[in-house]
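Residue numbers begin at 1 in each chain, while the letters A, B, ... track the order of the sequences.
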There are 2 protein chains.
Amino acid sequence: METRRDVFQAIADPTRRAIILLLAVSAMTPNAIAEHFNSSRQAISKHIQVLTECEILKQEQKGREIHYHLNASKMNEIEKWLEQFKQLLAKRFDQLDDVLKQLKSEKK
Amino acid sequence: METRRDVFQAIADPTRRAIILLLAVSAMTPNAIAEHFNSSRQAISKHIQVLTECEILKQEQKGREIHYHLNASKMNEIEKWLEQFKQLLAKRFDQLDDVLKQLKSEKK
DNA sequence: CACTTGCGCAACCAAATAGTTGCACGTATA
DNA sequence: TATACGTGCAACTATTTGGTTGCGCAAGTG
């Protein structure tokens, strides 16, 4: 539970993905979040902890309540990787394009 | 090892993400893939198995070799979720916008 | 036909994960 | 001040993970 976490591991769990979507709409207290799920308060609390550890969530103490809100910028890491993936893929098709062009010119 | 897998779990592991990027460039045999890592052939083989289970990879038998290649469309699921996330976020800002507008008009 | 090569698969293992229960400790409220 | 809330945190458990070793088997090669 205290290993090096990253965003990818964070979103691996469906409950955590749901929490992220929930907090994308508005900040919430742990109890408020937990109400949206069937799991116990503590189970949700653990997920929140995981998300906080990898800085997807930030706390804000308000009296005895703690409001968790999203650090949306962290999600860029996922997008960045996805972009990298798409670039490689595109490059592959470019190369395929080259090959096809070459075949065509050889045909002449 | 045989639970219901999804793309998000698949990309949670850094080695698997690397394999995906590798195969984005070109299809490969398990041995060829393994050569790019320090892990053993079997360890990589397991990762390949995971990726195949959630249909990110597809096999193609060629003689005694098996070529694994990407089913790039599976990656859309990630993008789809990310899109959903961004939409919720945008909506939130729209609402914030509304609030600001309202404040402005009340000021008048 | 022996022999090597490429691979999957089963059995094991240590570590991590998701969840549970129970408690501690400030912050509000009667 | 006594009590009820909101929450974190520690301990314990079952399950899953990522990895290792070793085997088997089909496809090629001498």
Side-chain angles (χ1 to χ4, degrees), chain A residues 1-23 26-71 78 81, chain B residues 1-23 26-71:
Chain A
M1 203 96 221
E2 1 59 23
T3 357
R4 54 232 171 284
R5 307 209 169 274
D6 61 39
V7 194
F8 294 98
Q9 239 213 322
I11 64 162
D13 185 272
T15 303
R16 283 199 289 267
R17 281 201 299 281
I19 292 177
I20 291 175
L21 292 188
L22 214 60
L23 295 185
S26 71
M28 282 189 186
T29 66
N31 276 331
I33 296 171
E35 276 171 19
H36 290 268
F37 300 94
N38 294 321
S39 321
S40 70
R41 208 242 330 146
Q42 283 86 344
I44 298 298
S45 190
K46 278 210 174 183
H47 284 304
I48 292 176
Q49 197 183 310
V50 171
L51 291 168
T52 306
E53 268 170 36
C54 55
E55 296 178 292
I56 293 181
L57 301 191
K58 285 183 292 182
Q59 303 184 353
E60 196 180 348
Q61 190 93 30
K62 284 197 176 174
R64 68 179 168 188
E65 293 182 347
I66 296 176
H67 291 253
Y68 284 92
H69 49 102
L70 257 154
N71 174 19
I78 303 166
W81 182 79
Chain B
M1 206 95 221
E2 2 59 21
T3 357
R4 53 230 168 288
R5 307 212 168 271
D6 62 40
V7 194
F8 294 97
Q9 240 212 322
I11 63 162
D13 185 272
T15 305
R16 283 198 291 266
R17 283 201 298 283
I19 293 177
I20 291 175
L21 293 187
L22 213 61
L23 295 186
S26 70
M28 281 190 187
T29 66
N31 276 332
I33 297 170
E35 276 171 20
H36 291 267
F37 300 93
N38 294 321
S39 322
S40 68
R41 209 245 325 152
Q42 283 86 344
I44 298 299
S45 189
K46 277 208 175 185
H47 284 305
I48 292 177
Q49 197 182 310
V50 171
L51 291 168
T52 306
E53 267 171 34
C54 56
E55 296 177 292
I56 293 181
L57 301 191
K58 285 183 294 182
Q59 303 185 351
E60 197 181 347
Q61 190 92 31
K62 283 196 178 173
R64 68 180 168 186
E65 291 184 348
I66 297 178
H67 291 254
Y68 284 92
H69 49 102
L70 257 153
N71 173 19

Engineer: Taking CZ from A:Arg5 and P from C:dA18, how many angstroms apart are they, rounded to a whole number?
Structural biologist: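 From A:Arg5 CZ to C:dA18 P: 7 Å.
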Engineer: Using the side-chain heavy atoms of B:Glu65, tell me which of these nucleotides is nearest: D:dT7, D:dG18, C:dG6.
Structural biologist: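 Of the options given, the side chain of B:Glu65 lies nearest C:dG6.
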Engineer: In whole Å, what is the span from the CZ atom of A:Phe37 to the P atom of C:dT20?
Structural biologist: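 Going from A:Phe37 (CZ) to C:dT20 (P), I get 14 Å.
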Engineer: Grab the CD-C1' distance between B:Gln9 and D:dT16 for me, whole Å please.
Structural biologist: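 Atom CD in B:Gln9 sits about 9 Å away from atom C1' in D:dT16.
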Engineer: Quick one: A:Gln59 CD to C:dG26 P, roughly how many Å, whole number?
Structural biologist: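 Going from A:Gln59 (CD) to C:dG26 (P), I get 16 Å.
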Engineer: Calculate, to the nearest 0.5 Å, the distance between atoms CZ and CD belonging to A:Arg16 and A:Gln9 respectively.
Structural biologist: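 These two atoms lie 7.0 Å from each other.
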Engineer: Nearest heavy atom decides the nucleotide; on that basis, is A:Gly63 or A:Asp13 closer to the 5' end of DNA chain C?
Structural biologist: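 That would be A:Asp13.
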Engineer: Return all side-chain donor-acceptor pairs below 3.5 angstrom for residues 27-39 of chain B, not counting sequence neighbours, or 'none' if the list is empty.
Structural biologist:
unit_1: B:Thr29; atom_1: OG1; unit_2: B:Ala32; atom_2: N; d: 3.2

Engineer: Could you tell me the separation between the CD atom of B:Gln61 and the C1' atom of D:dC25, rounded to a whole number of Å?
Structural biologist: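 Value for this atom pair: 12 Å.
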Engineer: Mind checking the CD1-CG spacing from B:Ile20 to B:Asn71? Nearest 0.5 Å is all I need.
Structural biologist: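 Those atoms lie 11.0 Å apart.
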Engineer: Between A:Ser40 and A:Lys62, which has a closest nucleotide on DNA chain C that is more 5'?
Structural biologist: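 Nearer the 5' end of the strand: A:Ser40.
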Engineer: B:Ile19 CD1 to D:dG19 P: how many Å, rounded?
Structural biologist: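 Checked: the CD1 to P distance equals 9 Å.
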Engineer: Using whole Å, what does the distance between atom P of nucleotide D:dG6 and atom CE of A:Met28 come to?
Structural biologist: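 Value for this atom pair: 15 Å.
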Engineer: Please determine whether a side-chain nitrogen or oxygen atom of B:Tyr68 lies at a distance below 4.0 Å from atom OP1 or OP2 of C:dG6.
Structural biologist: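 So the side-chain polar atoms of B:Tyr68 never come under 4.0 Å of the phosphate oxygens OP1 or OP2 of C:dG6.
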Engineer: Does the side chain of B:Asn31 get closer than 4.0 angstrom to OP1 or OP2 of C:dT5 through an N or O atom?
Structural biologist: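 No, outside the criterion.
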Engineer: Using modelled atom types only, decide if a donor and an acceptor are shared between the side chain of B:Ser45 and the backbone of B:Arg41 within a distance under 3.5 Å.
Structural biologist: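 Checking the backbone N and O of B:Arg41 against the side chain of B:Ser45, no donor-acceptor pair under 3.5 Å is found.
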Engineer: Does A:His47 make a side-chain N or O approach to OP1 or OP2 of C:dT17 shorter than 4.0 Å?
Structural biologist: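 Answer no for this pair, as no side-chain N or O of A:His47 is under 4.0 Å from OP1 or OP2.
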Engineer: Please write out each protein N/O paired with an N/O of nucleotides 9-13 of chain D under 3.5 Å, distance rounded to 0.1 Å.
Structural biologist:
none

Engineer: Would you say the side chain of B:Leu57 lies within less than 4.5 Å of the side chain of B:Leu70, judging by non-hydrogen atoms?
Structural biologist: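 Yes, close enough: below the 4.5 Å cut-off.
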Engineer: Do B:Lys58 and B:Tyr68 have side chains that get closer than 4.5 Å, going by heavy atoms?
Structural biologist: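 SC-SC contact between B:Lys58 and B:Tyr68 ruled out.
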Engineer: Checking all strands, does A:Ser39 fall into the base, sugar-phosphate, or nothing category for heavy-atom contacts under 4.0 angstrom?
Structural biologist: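 Answer is nothing: A:Ser39 stays at 4.0 Å or more from every strand.
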Engineer: What's the NE2-P distance between A:His67 and C:dT27, to the nearest Å?
Structural biologist: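 Answer to the nearest Å: 15 Å.
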Engineer: What about B:Arg64, does its side chain sit under 3.5 Å from the base of C:dT5 through a donor-acceptor pair?
Structural biologist: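 Answer yes: a donor N or O sits under 3.5 Å from an acceptor.
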Engineer: Taking all non-hydrogen atoms of both residues into account, name the closest pair between B:Ile11 and B:Arg17 and its distance.
Structural biologist: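 What the structure gives for the nearest pair is O-NH1, 2.6 Å.
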